[in-house]
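Have a look at the structure below before the remarks.
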Amino acid sequence: MGGDGYLGWPTAMSFAAKGHQVCVVDNYLRRQMAIETRSEALIPTPNLHDRAKIFESASGYKMEVKIGDCADYRFFSNLFKEFAPDAVVHYAEQPSAPYSMINFDAAHLTLNNNLNTTFNLIWAVKEFNPNCHIIKLGTMGEYGTPNIDIEEGWLEVEHKGRKHKFLYPRQAGSLYHTTKVLDTDLLWFYVRAYGIQVTDLMQGPVYGIATEEADIDDRLVPNFHYDDIFGTLINRFLVQAVAGIPLTVYGKGGQTRGYLNLKDTIRCVEIAMSNPPGKGQLRIFNQFTELFSVNEMADKVKRVGANLGLDVLVRSIENPRKEPENHYYNVVNSGLKDLGLNPNLLTDEVLEGMLRRVIMHKDRISTDKILPRVSWNK
Ligand SMILES: NC(=O)c1ccc[n+]([C@@H]2O[C@H](COP(=O)([O-])OP(=O)(O)OC[C@H]3O[C@@H](n4cnc5c(N)ncnc54)[C@H](O)[C@@H]3O)[C@@H](O)[C@H]2O)c1
């Protein structure tokens, strides 16, 4: 679900190349939102049917493509019955915090789309194949930045001499992140009520466009967004470095998050799929490999940019987001490593490879998409 997206497309190629029977479904919501908000990707990508054809002729691996809305139960349940999957990877959500904070319409779309895709998947599984494993993408942003250690999904609470294990308390910083909190609650309810099996991956920001399959042909490149609404921090900084715009550090720059390479996202999903939690289980992993603050990331990009002859400046600008800019952040992330994740780290070579790709497309950078256009800090 969401097979045309940044993560969905390379995941689909990787699973097909490993011999799985893959069906990708997408309704191009993301491409539409990008056009509506003037947030088009840096590198143009073929549509999903064409991508699948190019992949098949370049690699020999096939996948099925369906264009349709997973928030429409009639469409989705028919597809689910017809394809009869053993596992579903659910990426099909509106994934941008700034987008979800634009106005009523954007908030409404985010809430309805994200909750309904999850709800429809739960119901299709419950009705047509209760053994199907749901692998759902959540976000580390569900936890917020509490002043205590963040555990892997659950917290054992001792209260007046008695103990109970609860979902770790969640306090998100945007409506988008809040829809992920609500998704987790929905999944947990249906796991308790009907014994379905779910892996909920609390993922940090992902970077990278190189994967084994994407590297076969330039036209298979994953989506690369660098604007203020859909671009993640690393993409934004790389493009700013190439465009000669000072890196936009929001506020004090102490905001710390757990990052991971796109190759590791694919590996984590694969690990989750190969090790299902078992019926009646909601299993939660914190999916990231390294912690960086915004300031640390700016320093890295500045240093690597200098190696390529770029004179990178860093400037703090008013934070458009309501969020702590210096905070405690200590997070457990051992679950996926215990099951075999061997992280690809953010080395200077990796950053340099991404910078070189951006430089190749320098002429397509549109500088009016770089400074924040959405703010919720007033
Ligand atoms: N990219 C990251 O850094 C990151 C980090 C943490 C969590 N996530 C989560 O991972 C998932 C995938 O993220 P992404 O970066 O690939 O986002 P993306 O927007 O690139 O991909 C999502 C895809 O789902 C599709 N989609 C959305 N709603 C749909 C619907 N109703 N029916 C059919 N298709 C629909 C979109 O068109 C898009 O192609 C999202 O749930 C996101 O919240 C991403």
When rounded to the nearest 0.5 Å, the distance separating CZ of Phe224 from OG1 of Thr45 is 13.0 Å

Fit a plane to each ring of Phe76 and Phe80, take the angle between them on a 0 to 90° scale, and name the class: parallel (under 30°), tilted (30 to 60°) or perpendicular (over 60°).
tilted

Would you sort out whether Gln94 and Ser100 count as a side-chain hydrogen bond (donor to acceptor under 3.5 Å, both in side chains), showing the intermediate values?
CA-CA 8 Å; Gln94 188 300 98; Ser100 73; 4.9 Å; no

Of Phe166, Trp188, Tyr143, Tyr168, the residue whose pairing with Trp154 passes ring-ring contact (aromatic ring centres under 6.0 Å, His included)
Trp188

Does the pair Lys136/Glu142 count as a salt bridge with the N-to-O cut at 4.0 Å?
no

Going through the checks in order, is the side-chain hydrogen bond (donor to acceptor under 3.5 Å, both in side chains) test met by Glu325 and Asn319?
CA-CA 9 Å; Glu325 293 170 4; Asn319 194 343; 3.1 Å; yes

Judged by modelled atom types alone, do Arg373 and Ser39 share a side-chain donor-acceptor pair under 3.5 Å?
yes

Go through the steps to decide whether Thr37 and Tyr99 satisfy the test side-chain hydrogen bond (donor to acceptor under 3.5 Å, both in side chains), and finish with yes or no.
CA-CA 9 Å; Thr37 58; Tyr99 183 90; over 6 Å; no

Using 4.0 Å as the upper bound for N to carboxylate O, is an ion pair formed by Lys53 and Glu56?
no

For the atom pair CD1 (Ile284) and CG (Leu201), what is the distance rounded to the nearest 0.5 Å?
9.5 Å

Give the intermediate values and the outcome of salt bridge (charged side-chain N to carboxylate O under 4.0 Å, His left out) for residues Arg303 and Asp348.
CA-CA 9 Å; Arg303 189 183 63 245; Asp348 286 3; 2.7 Å; yes

Does a salt bridge link Glu127 with Lys81, judged by any charged N lying under 4.0 Å from a carboxylate O?
no

Quick one: pull up CD in Glu270 and OG1 in Thr265 and give me the separation to the nearest 0.5 Å.
12.5 Å

Do Thr179 and Tyr176 make a side-chain contact, defined as non-hydrogen atoms from C-beta onward lying under 4.5 Å apart?
yes

Point-to-point distance, once rounded to the nearest 0.5 Å, from CE of Met1 to CG of Asp26:
10.0 Å

So that I can tick it off, tell me whether Glu296 and Lys300 are bridged by a salt bridge, with the cut-off set at under 4.0 angstrom between side-chain N and carboxylate O.
no

Kindly compute the distance separating CZ (Arg30) from CG (Asp4), expressed to the nearest 0.5 Å.
10.0 Å

Between His108 and Phe104, how do the two ring planes meet: parallel, tilted or perpendicular, split at 30° and 60°?
parallel

Sidechain N-carboxylate O distance under 4.0 Å for Glu82, Lys66
yes

Show your reasoning for whether salt bridge (charged side-chain N to carboxylate O under 4.0 Å, His left out) applies to Arg364 and Glu40.
CA-CA 10 Å; Arg364 286 184 48 87; Glu40 290 88 353; over 6 Å; no

In this structure, are over 12 heavy atoms from other groups packed under 6.0 Å from Lys62 atom NZ?
no

With salt bridge (charged side-chain N to carboxylate O under 4.0 Å, His left out) as the criterion, how do Arg170 and Asp185 come out once you've worked through the C-alpha distance, each side chain's angles and the decisive distance to 0.1 Å?
CA-CA 10 Å; Arg170 279 138 160 90; Asp185 257 325; over 6 Å; no

Please determine whether the number of non-hydrogen atoms from other residues, nucleotides or ligands lying under 6.0 Å from atom NZ of Lys252 exceeds 12.
no

If the plane angle is over 60° it's perpendicular, under 30° parallel, otherwise tilted; pick one for Phe55 and Trp9.
perpendicular

Separation between CD of Glu352 and CG of Leu238, rounded to the nearest 0.5 Å:
11.5 Å

For the side chain of Asn113 and the backbone of Leu109, is there at least one donor-acceptor N/O pair under 3.5 Å apart?
no

Using 30° and 60° as the class boundaries, would you call the ring planes of Phe15 and His20 parallel, tilted or perpendicular?
tilted

